Amino acid sequence: MAGIIGKLVYKKILKETIENKFGKTDALFESTPARRMSHVPAPKLTSNRKKLRKALPPGLSEADQETLVKVKRRAYMLDMSLFSLCGLRFGWSSVLGLIPAVGDVFDMLLALLVIRAASECNLPNGIRMKMMFNVILDFLVGLVPILGDLADAAYKANTRNAIILENYLRERGAENIKQQGRVMPADMSLPEEYDHQQETGTIPPPPPPSYGATTGGPSRPAAVQGGGRRDHDVERQQQGSRR
């Protein structure tokens with residue numbers, strides 16, 4: 001029985017299959033920031049769209065990138081994937097919440113799957129507590145018939161937790177780049193950068209490298225570094241010809 005329920009959850013609700021590495025790779029969510037997942041069309045979900053630059057915080061390991069994509073994907077399936085009504089997006093979480101008592105419990109268990117996936121990034125206890133608060137609040141509000149379910153649909157606890165994870169990983173990625181002495185590239189996971197790309201169809205170029213004296217920073221090209229030495233050799237040759 002548990003196996004049947006598990007297959008129903010992962011294949012029918014979360015749509016995690018071998019093809020998308022069980023939710024870890026999906027072009028749709030790789031190129032969509034957590035705060036802009038409402039831009040993903042509903043109810044049709046497809047990753048076969050024009051390949052854009054990944055809207056993931058720079059400086060992350062491949063494992064952290066895959067985990068973030070998986071969490072965003074699960075949050076979308078639970079909060080927004082089914083239909084839109086009066087400007088409000090509904091997902092499996094809202095539909096299951098309509099089932100008295102049992103539906104709210106099942107909804108909470110699915111929300112815990114989102115936190116479980118996020119925990120693969122070795123999150124600090126403070127981040128986990130924030131995520132748990134959203135899930136518990138969502139569960140308590142959902143116990144109120146009808147109005148509670150509408151409030152759940154508007155609150156979108158899973159999407160909030162995906163945003164919390166993305167913000168935390170953004171700080172981690174920035175720290176990784178700093179330790180490596182690299183220049184911080186454009187962050188397409190920031191909503192304003194994403195909106196700029198959507199409106200103009202262009203990707204902001206990364207900032208030019210700075211040739212500073214900081215340790216680990218990029219050095220000048222060899223031709224530039226050796227320029228002063230070559231000028232000195234030319235002067236010596238000119239002086240010798242005058243003699």
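Note that the structure is predicted; figures quoted are calculated from it, not measured. When reading the values below, keep in mind they use all heavy atoms of this one structure, side chains included, and skip hydrogens, waters and symmetry mates.
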Among D152, D107, D138, exactly one meets side chain to side chain donor-acceptor pair (under 3.5 Å) together with S93. Which residue is that?
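Answer after filtering D152, D107, D138: D107.
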Hey, are the side chains of [X] and [Y] touching, using non-hydrogen atoms and a 4.5 Å cut-off?
{"X": "R170", "Y": "L190", "value": "yes"}
{"X": "D79", "Y": "W92", "value": "no"}
{"X": "V135", "Y": "N161", "value": "yes"}

Within 45 degrees of the ring normal and closer than 6.0 Å to the centroid, is that where the cationic atom of R89 sits relative to F83?
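Not flagged: R89 not positioned over aromatic ring of F83.
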Taking only Lys NZ, Arg NE, NH1 and NH2, and the carboxylate oxygens of Asp or Glu, determine whether E120 and K70 approach each other closer than 4.0 Å.
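Between K70 and E120 there is a salt bridge, with a charged N closer than 4.0 Å to a carboxylate O.
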Tell me if a side-chain donor or acceptor on [X] pairs with a main-chain N or O of [Y] at a distance below 3.5 Å.
{"X": "T67", "Y": "A63", "answer": "yes"}
{"X": "R172", "Y": "L60", "answer": "no"}
{"X": "K72", "Y": "T32", "answer": "yes"}

List the atom of R128, the atom of L123, and the distance in Å for their closest heavy-atom pair.
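Heavy-atom minimum between the residues: NH1-O, 3.1 Å.
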Can you name the nearest heavy-atom pair linking N122 to Y168, along with the distance?
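Nearest heavy atoms, N122 then Y168: O-OH, 4.3 Å.
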Calculate, to the nearest 0.5 Å, the distance between atoms NZ and CD1 belonging to K130 and I127 respectively.
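Atom-to-atom, K130:NZ and I127:CD1 are 5.0 Å apart.
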Donor-acceptor side-chain pairing of N158 and Y76 below 3.5 angstrom:
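No donor-acceptor contact under 3.5 Å links the two side chains.
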